[in-house]
Each structure stands twice: as structure tokens, then as C-alpha cells.
Protein chains: 2
Amino acid sequence: MPKQERAERTRATILDAAAKVFDSQGFVGASLSDILAEAGVTKGALYFHFKSKEELAHELVAEQFSIWPPVDDNGKPGLQTVIDLTHAMARGLQENVRIRASIRLVIEQGTFTDPSPDSYLRWIDVCRDQLDHAQERGDIRKELVTGDIANFLVSAFTGLQISSQVLTDRADLPDRVAGMWRYVLPAIVPPRRLSRFVPEGTAAQTPG
Amino acid sequence: MPKQERAERTRATILDAAAKVFDSQGFVGASLSDILAEAGVTKGALYFHFKSKEELAHELVAEQFSIWPPVDDNGKPGLQTVIDLTHAMARGLQENVRIRASIRLVIEQGTFTDPSPDSYLRWIDVCRDQLDHAQERGDIRKELVTGDIANFLVSAFTGLQISSQVLTDRADLPDRVAGMWRYVLPAIVPPRRLSRFVPEGTAAQTPG
DNA sequence: GACCAAACAAACCGGGAGGTAGGTATTTTC
DNA sequence: GAAAATACCTACCTCCCGGTTTGTTTGGTC
């Protein structure tokens, strides 16, 4: 790990540059030359900090996902927390190149590493925990399986963000997420409790 | 275009091999060496048929999508047609490497070409046409916008197939598709008409 | 069977990829 | 201030990439 402050700065600069290039080119398509040009450093500097291109990608992902996604249940875990979480993720994808790159690296198959189920499973777990609380409270139909809902939500969100990127460079992603909830909420929430939830999110979340 | 039958065979062999390698490595990750080894031909043969790696990928996609996805409305266009179509697509992705490769080439960003919205838009149109029929017939709530539903379905299906691939190598994709419909149908279909539709599909479709 | 076109195979090309080794600059320690 | 540690920079390395050129084989026509 870096010991001097200038090294911390260089390392961060390299990670930011790598994020930008990985976001736009993917792992295989990103060349070290492009990353170096973006960072304004040389290959010696990069290899001082990371022992390979692969470790660079791995560190980028590991650092990002050690602090993200942001789960903030405001002391009341449940369904609105999941809704707000999806919106925070949407905003993060819009605003933060490290998040975009990390998601891309994790999703892409046959590059970087075969996509690890780990991230998916972790997101599903986070989601399911909140849904379990919601179900205990009667906010979700008791006959539904929270793990299945979580699985569907994570999958659907993945597809939403990919197609949003293709079609509108993610400009419409928050709308798409709200739209997803408008379809899904009536299916999973008992009718009399439906009005408790805000498909557009409660805007209390920060992208992190 | 090929004039001799042996050339037709060689061309098809190259396309099949390319599909396999593109499916597993993506466009940038697929090397011509790998494709040639898979096909058992030489580079001269490949360049006789295709003027570049990019044209190879483009032809693969164009040929596949000229005959797919399979829309079979059995003379009665509507919602069950869309349900069956998603199941046909799921089976196609499970069984046909050219479909898998074509989907991957079309979805991946920054490779091959920037992902064209065209395929997404075409799938959305196919879907929306059927949903329009369904809505005229009263099978879909009249306050909903069929274009939005179609957009959501295409996005969600994209995410389902990607995560299914990561988590189970697509073994569970038909189940995931059926699960999607079980969440979505109650949200878009008037309650008294819900029992008309089969989330698992009516198995009348062939992958094509 | 001779000739030509079509369909390949084999050899070659230049460039760029990721990574390595040697050198230089900056900071820290004593 | 000298020496050592840290943090880079520069030049080099091998290999593999997509594509090009030359050579050989196969099929079709007369």
C-alpha cells in the first residue's frame, strides 16, 4: 500500500482513469496505453501500484463494492428501503464512473474473470433481508417467496440499466426504475397497503 | 456469395465456430485464431468469405436476426403470444449458440460496434404490436401504455437472461421467465381475465 | 484435358498488447 | 547531508493480433 501522500494521489488517479476506460471499453477492450494516457502517468507508475491489469480491475471492483450499494433503512427496514436502494443504485450509475465500471466488470462474461455470481448473490441477499422484514410486517403477500422476488428484482434491474444505457445513455434510468416498481408493487403488495409505497423513491438515499 | 456447395458448407462452419467463440469471449475477446481453430479452416478461407472480423460478426447477427425471434400468434395476436415469444427466446438462448452469440454481440457495449438501439427497438415494437391487440380486446388495463410495458418486458428479459447465465448457465431461464410473468401479469391484466394466460407458456413455439 | 474461376491454405506483415528491467526523482530516516 | 526507501519514468521484450500476399487445390466449362 502507498505510504506517501503523493502515491495515494497517483493510485487514485490511476483507478479513476481505469474506471473511465473500463466503463467505455470493458476489460479486454481497455488497453493500458489508454488508461495511462487518461491518467497522465507512465507504465512504471502503474506497475508500482498494481501488479497486473487484472489486479487493477480487481482492486477497482473490490474498493467500490466494499462501500456500495448504500443500504439506509432509516431504522425501519422494509420494502421502501429496497425501492430507495434501487433508486440510489440508478443515480450512482448515472453519476459515478467507478460504479459504472465496477458494474460492467462484474457483469461482463469472459473478460476480467468469468462473472462471479458473488455480486449477484450479495445484491440478492441485501434485497431479500429487507423483503423479509416487509413480509413479517404484512407489506408483502405472505404466499410469495422473498428470495424469488429479490432474484427477480436484481435481474430486472440489471436489464433495465443495460437497456437504458443503450437507448438513452442512462438518462431515463430513474424513470425506468420507477416504472418497474409500478408493475411489481401491485403484484407483491396486498392492495390495501399499496399506497404506502413510493415507486419513485423517497430521495433520502445518496449514491455513496 | 458462395457458388459451390463446399463453400456454403465452409461458410456455415465458420459462422458456427464464430458463434461459439463470440458467445464465450465476446467480440474483442474472440481472436481469429480461436475461431479458425474451432472451425478447422485457415485464415485464407475466412477472408475469402468475410472481409473482416467485424463483417463476420455483423453477418452472424444479421442472418440470425433475419429469422428470429419467432412470432407465432396462431391467428390470434395478443398477450399469450408475447408470453410464448419470451419462452421461445429463452429456449433459443439455451439451445442455439448462434442466438446466444448474436444476443451477446448486440448487447455488449464498446465492442463489435456500439450497441445499436435497433435490436432493442425492434423487439419492443414486436412486443408492443401484440400488446396493442391485447389491449383492444380488454386483456390489458386500458390506462396502461403498451409501449412502456413492452419496453419494461424487453429490459427485464435482458436482465433475466444475463443473470441466469451467470448464476446457472441459463438452466433456470424458463423458470425465471415464467416467474417474471407471474409478477407482471397481475399488474397489467384486469383481475377477471388473469386466468386466461399461462405464465409458463403454451409450448406451441419453436426456437427457430 | 486445358483453362479459368472459385475456394481455400500457407507464409508474411506491421503494430500494439501486457509485462519486465534498468534508470531517475522524491521523500524519509539517521 | 548521506543513505535508504518510496515512487515513479524510460526503454525494451516477446507474443499475438487482424489483415495481406502468394501459392495450391477443387470445380466448372468448353
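Residue numbers begin at 1 in each chain, while the letters A, B, ... track the order of the sequences.
Under the rule for a side-chain contact (heavy atoms from CB on, under 4.5 Å), the partners of B:Ser164 that lie at least two apart in sequence or sit in another chain are B:Thr168, B:Arg170, B:Asp172, B:Leu173, B:Arg176. In terms of the ring pair (Phe, Tyr, Trp, His ring centres under 6.0 Å) criterion, residue partners of A:Tyr183 (sequence neighbours excluded) are, by chain and number, B:Phe152. Listed by chain and residue number, A:Leu79, A:Leu185, A:Arg193, A:Leu194, A:Phe197 satisfy the side-chain contact (heavy atoms from CB on, under 4.5 Å) test with A:Val189 (two or more places apart in sequence, or in another chain). The side-chain contact (heavy atoms from CB on, under 4.5 Å) test applied to A:Glu8 returns A:Pro2, not counting sequence neighbours. With sequence neighbours left out, B:Arg141 forms a salt bridge (charged side-chain N to carboxylate O under 4.0 Å, His left out) with no residue at all. Partners of B:Arg182 by side-chain contact (heavy atoms from CB on, under 4.5 Å), not counting sequence neighbours, listed by chain and number: B:Ala178, B:Pro199, B:Glu200.
Side-chain contact of B:Trp68 with B:Ser102: a donor-acceptor pair under 3.5 Å is absent, judged by distance alone. Side-chain contact, B:Asp139 with B:Gln135: no donor N or O sits under 3.5 Å from an acceptor N or O.
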Nucleotide N/O of nucleotides 13-16 of chain D paired with protein N/O under 3.5 Å:
none

What protein N or O atoms touch nucleotides 22-28 of chain D N or O atoms at under 3.5 angstrom, if any, and at what distances?
none

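Within the structure, salt bridge (charged side-chain N to carboxylate O under 4.0 Å, His left out) contacts touching residues 26-37 of chain A (residues at least two apart or in different chains) do not occur. Screening residues 38-49 of chain A for salt bridge (charged side-chain N to carboxylate O under 4.0 Å, His left out), with sequence neighbours left out, gives A:Lys20-A:Glu38.
Interface limits on DNA chain C: the 5'-most and 3'-most nucleotides within less than 4.0 Å of chain A heavy atoms are C:dA17 to C:dT27.
Residue A:Arg11 is the one, among A:Arg11 and B:Asp34, whose nearest nucleotide of DNA chain D lies closer to the 5' end (criterion: closest heavy atom).
Counting heavy atoms from C-beta on, the side chains of A:Ser31 and A:Ile35 never come closer than 4.5 Å.
With respect to the salt-bridge test (charged N to carboxylate O, under 4.0 angstrom), the residues B:Glu108 and B:Arg104 qualify.
Taking a 4.0 Å limit (strictly below) on heavy-atom distances, residues 41-53 of chain A reaches DNA chain C at A:Lys43, A:Tyr47, A:Ser52, A:Lys53.
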